[in-house]
Amino acid sequence: QVQLVESGGGLVHSGGSLRLACVAAGFPFSEHAMRWYRQAPEKERTFVARMSMYGEIIDYADSVKGRFTISRDNAKNTLYLQMNNLKPEDTGVYYCKADGYPVWGQGTQVTVSS
């Protein structure tokens, strides 16, 4: 079964940084594009970033462009999201997802205070 475990969230002040990780299992990680999503309180889940199998294609939501960096280590079945210059608007639960599988992990909470 597909399993996704997000980690690395926490509480930071505006302008701080966090590095999220998503450890994947149960599918051929290197054969799938991976995505990060987030869900703010009382909001719908929205796209954050996407990375193709070997990084040929990388896309970011406009709201995070220039501040977030998506990366992956296929040897470790792990997806990362480096988040810099965090803003209160970035607060939410962050999830990773593999293209082709309608499966989500438990998410990791990111809270950015003013």
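Remember, it's a predicted structure, so these values are computed and weren't measured experimentally. The analysis underlying the following values was restricted to heavy atoms, covering all of them including side chains, and did not include hydrogens, waters or symmetry mates.
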Give a yes or no on whether the backbone of Y80 and the side-chain of W36 come within a donor-acceptor separation of less than 3.5 Å. yes

Nearest heavy atoms of S30 and R72, plus distance in Å: CA-NH2, 4.1 Å

Given side chains that start at C-beta, do those of E6 and L20 come closer than 4.5 Å, heavy atoms only? no

Classify the ring geometry of F47 against Y37: parallel below 30°, tilted from 30° to 60°, perpendicular beyond 60°. perpendicular

Do side-chain atoms of R50 reach the backbone of I70 as a donor and acceptor pair under 3.5 angstrom? no

Between Q106 and V5, does the side chain to side chain contact (heavy atoms under 4.5 Å, CB included) criterion hold? Intermediate values first, please. CA-CA 7 Å; Q106 84 289 345; V5 180; 4.2 Å; yes

Transitively linked via ILVMFWY side-chain contacts under 4.5 Å: V64 with Y95? no

Quick one: OH on Y54 to CD on E31, what's the gap to the nearest 0.5 Å? 7.5 Å

If you look at every heavy atom in Y94 and G92, which pair is closest and at what distance? CD1-O, 3.4 Å

Are F29 and V2 connected into the same hydrophobic cluster when the rule is that any two of I, L, V, M, F, W, Y join if their side-chain heavy atoms are below 4.5 Å apart? yes

Report yes or no: do L79 and V93 belong to one cluster of Ile/Leu/Val/Met/Phe/Trp/Tyr joined by side chain heavy-atom distances under 4.5 Å? no

Kindly check if the number of other-residue, nucleotide or ligand heavy atoms within 6.0 Å of CD (E44) is above 12? no

Please check: side-chain N/O of Q1 versus main-chain N/O of G26, any donor-acceptor pairing under 3.5 Å? no

S52 side chain to A33 backbone, donor-acceptor under 3.5 Å: no

For Y101 and H32, take the angle between the two ring planes, folded into 0 to 90°, and tell me which bin it lands in: parallel under 30, tilted 30 to 60, perpendicular over 60. tilted

According to a hydrophobic-cluster definition based on side-chain heavy atoms being under 4.5 Å apart (Ile, Leu, Val, Met, Phe, Trp, Tyr only), do L18 and Y60 belong together? yes

Do R38 and V110 have side chains that approach each other closer than 4.5 Å (heavy atoms only, starting at C-beta)? no

State, yes or no, whether a side-chain contact exists between T91 and Q109 at a heavy-atom distance under 4.5 Å. yes

Taking the side chain from R67 and the backbone from N85, do they hold a donor-acceptor pair closer than 3.5 Å? yes

Check for a donor-acceptor pair, side chain of N74 on one end and backbone N or O of M53 on the other, with a separation under 3.5 Å. yes

Do the side chains of L4 and M34 get nearer than 4.5 Å, heavy atoms only? yes

According to a 4.5 Å side-chain heavy-atom criterion applied to Ile, Leu, Val, Met, Phe, Trp and Tyr, with indirect links allowed, do W104 and M51 form part of one hydrophobic cluster? no

Could you tell me whether K87 and D90 make a salt bridge, using a distance below 4.0 angstrom between a side-chain N and a carboxylate O? no

